[in-house]
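This one's a predicted model, so the numbers in the text were calculated from it and none came from an experiment. A note on names: the letters A, B, ... follow the listed sequences, proteins ahead of strands, and every chain is numbered from 1.
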There are 2 protein chains.
Amino acid sequence: MSEPTRILLDESRIPRNWYNILPDLPAPPPPPLHPATLEPVAPDDLAALFPMELIAQEMSEDRFVPVPESVLDVYRLWRPTPLIRARRLEKSLGTPARIYYKYEGGSPSGSHKPNTAVPQAYYNAREGVRRLTTETGAGQWGSALAFACAQYGLACEIWMVRASYDQKPYRRSLMKVYGATVHASPSAVTTSGCRILTDDPGCSGSLGIAISEAVEAAGAADDTRYALGSVLNHVLLHQTVIGEEALEQLALLGETPDVVVGCTGGGSNFAGLAFPFLRERLAGRMDPVLRAVEPAACPSFTRGTYAYDFGDTAGFTPLMKMHTLGHRFVPDPIHAGGLRYHGMSPLLSHIHELGMIEAEAVSQSACFEAGVRFARTEGILPAPEPSHALAVTIAEAQRCAESGEEKVIVTALCGHGHFDLPAYERHLAGRLEDFALPQERIDSALADLPGV
Amino acid sequence: MSEPTRILLDESRIPRNWYNILPDLPAPPPPPLHPATLEPVAPDDLAALFPMELIAQEMSEDRFVPVPESVLDVYRLWRPTPLIRARRLEKSLGTPARIYYKYEGGSPSGSHKPNTAVPQAYYNAREGVRRLTTETGAGQWGSALAFACAQYGLACEIWMVRASYDQKPYRRSLMKVYGATVHASPSAVTTSGCRILTDDPGCSGSLGIAISEAVEAAGAADDTRYALGSVLNHVLLHQTVIGEEALEQLALLGETPDVVVGCTGGGSNFAGLAFPFLRERLAGRMDPVLRAVEPAACPSFTRGTYAYDFGDTAGFTPLMKMHTLGHRFVPDPIHAGGLRYHGMSPLLSHIHELGMIEAEAVSQSACFEAGVRFARTEGILPAPEPSHALAVTIAEAQRCAESGEEKVIVTALCGHGHFDLPAYERHLAGRLEDFALPQERIDSALADLPGV
């Protein structure tokens, strides 16, 4: 037992600052634009939706943003998270590579999402907000925000895509246990929901519709704001606790990574792990490859274009320059619901455009195969989202088995798969589809870009 | 952040020995009896079902039994588990009590069960066994054994009560992800299953039937043995890692407990936490009250009798002297499936009879109320089983709020409730039953005792 399997830090080592990568970039990312004026969005444009402190963080040029004491106090419930050496996985692969995974599934709601849900609830509460609204697909973000709101006495109202509301009841129930109100979207409680239900009473919903409802509800009440679980700069900022802790844990072992791998949907999990490593690389202290992994069914980095586009399907949000498949693109129903987003974080897109990170797409079946192999060796059942990163991690380790290279691979295991077992069951029964994505479908969606 | 919230130990602190309480008791427990001869069971009587090392542990008089290196190596995946100060729960109760919970839900299968599943799989593998069989109700034990078998290359065959197999598919899927074969019980693959299906093709099964099938399958093949997840001495022995770690964690804080609380079904979770504290009490080093909490719907300690009875419904097992409601007693369908057992560990029953532990029964609704309060304050969603202990912990802390006593309460949070969300949903909707248990039902079941 000389070298530890789980590298733990005591809670005095929770990062006291979030890391803002903006000042370390050679060029700033293109600004978000107001869709009417095509002028850069000003802080006041966002004040109906977000508290001022989050708007300030969204635009901050400070390298480090202090984590408030009250947020640290909630982080203590599960942070620092363990960095775990995947010895049994390595052994099953016969690889000389050393694989480490940063496990975020031990958080209250079971993913990395509370890292940003908690500060978002905190800043809203501090500015007198009484209620937060949001949308959720399968419910990872919704359950994280419901938990965070319970910590600060905020009401929480969540629009959950009806298809998931009906078919994935477990996370819906978890949100309610935490005290949130959960609406199936489209709902009869908003104007936009009513309008859709009038046209199509059986509508099964979409993330775009749910966003419209949550934004409408936030705009309609003075004491209410809206919260978003990925994509935006302040969300990525909050997630950097993952990478800061991982850096410290690797340093305790005397390890420097050769490859850092994470899955990307909106980008917050990958950025949370990768940005602190990128800072160290820019400073010349290490030289890891940073690899983003996305689903082959929703390949914004690898098959999308880098252009101004809307963040939502309906076209209500500011225009953001990002890797996108077009805001009208509807991904096939893969089980990694958290990665089914047509766009990508503008900040991460910019960094990709600067050539600082790589991207790769993998198929659904490869991910579930990786997930099963991981569960049987390491015990933890991974969610379908981080299974994307595991598939690439395993492929890298297998290449090392052939070449003999002793690479150090670090990956983000951003959530457990306890609520995804029906998908595993289908995979084991050989009934899980791999979706083909013909180029015409992408071309057709990209034809709808706003053309800014 | 002076006093920590989560008390972590690094993996060099995983206990190197399991604690066997037998030599510290003033009198030995009555022996199990062979049902035919009524003579004490001999090791050879058990050899068709268990490997010799586990039979030796079952009867061992050694105070400490070393944990094999290979078992330590698997324990490292999640042990030591955290001891967590429930500050937010305390605050919501306005209590001066200090509440600590030992959290076992971070294990691969989400409960304390792998603590014994891993050594059971190890000893079987070492003695050349190729396959283990077992029964499972809701699946906590089955998923733990499936995981453990995957670590040692053993096949694992599980009979799962059909009602749960159909209604609780998530843990069934988890067992399959770990590589186990899962049969709905009664099944057509055993003689006893076929016999029941012939009489009643729609039979929804019972734990008693599932035990019969698993035992039959183990007896029918030379390379196959049977594994049990609670009740027996060697199972309780393996679970003492919980209490040993908790003792060390409390010592780091300079705390000594006034009350130790755990839920009891077969008794392994409670004994695992309580036995090391009982040893310390017997040695005069502390004086905690040890309180076992059972469901009001299955009150073997508080309303059963202390007598020789069968461990299973069909009457195949040795006769064990224990607190029992009678082996024909069928508890109402409370959601804490892990506590629906007519009997109680013979060792724990003996210790209760010696007056060394207290017992208390609580209603299902009180447990779910405690579970919701805990989730909203501490973040972790508790399984219905440990919610029994939480209900009593909260009541104790509320009494402290009235009396001003600063008691130190330690409880076992032996698993998460991720697979129990439909029950929480029913609780929140006010649709969860509290079952009355008329004395006549107990009297009638006790009339069937073997009368030894």
Highest number of heavy-atom pairs under 4.5 Å with chain B among A:R172, A:R85, A:H427 belongs to A:R172
With respect to chain B, which residue among A:G179, A:G106, A:S107 yields the maximal number of heavy-atom pairs within a distance under 4.5 Å? A:G179
For chain B, which of A:L174, A:I84, A:L8 has the most heavy-atom pairs under 4.5 Å? A:L174
Quick one: what part of B:Y178 sits under 4.5 Å from any heavy atom of chain A, side chain, backbone, both or neither? both
Below 4.5 Å, heavy atoms only, C-beta onward: do A:R88 and B:D73 meet side chain to side chain? yes
Report yes or no: does A:R6 contribute a side-chain atom to a donor-acceptor pair with the main-chain N or O of B:W78 at less than 3.5 Å? yes
Would you say the ring centers of A:Y170 and B:H418 fall short of 6.0 Å from each other? no
A:I7, A:V74, A:V372, A:D420: which one forms the most heavy-atom pairs within less than 4.5 Å of chain B? A:V74
If one checks every heavy atom of A:Y103 against chain B at 4.5 Å, the contacting part turns out to be neither
Which atom pair, heavy atoms only, marks the closest approach of A:E11 to B:T5? OE2-N, 2.7 Å
May I ask you to decide if B:E378's main-chain N or O and A:Q151's side chain share a donor-acceptor pair within less than 3.5 Å? no
Please indicate whether A:R13 has more than 12 foreign heavy atoms, meaning atoms of other residues, nucleotides or ligands, lying under 6.0 Å from its CZ. no
Portion of A:L9 that has a non-hydrogen atom of chain B nearer than 4.5 angstrom: backbone
I want to check something: taking the side chain as every heavy atom from C-beta on, are B:R426 and A:S173 in contact at a cut-off of under 4.5 Å? no
Max heavy-atom pairs within cutoff under 4.5 Å with chain A, candidates B:L77, B:T377, B:I380, goes to B:L77
Residue B:L428 versus chain A: region with a heavy atom under 4.5 Å: side chain
Over all atoms of both residues, closest heavy-atom pair of B:G379 and A:P108: O-CB, 3.5 Å
Okay, A:R373 and chain B: the region with an atom under 4.5 Å from a heavy atom over there is neither
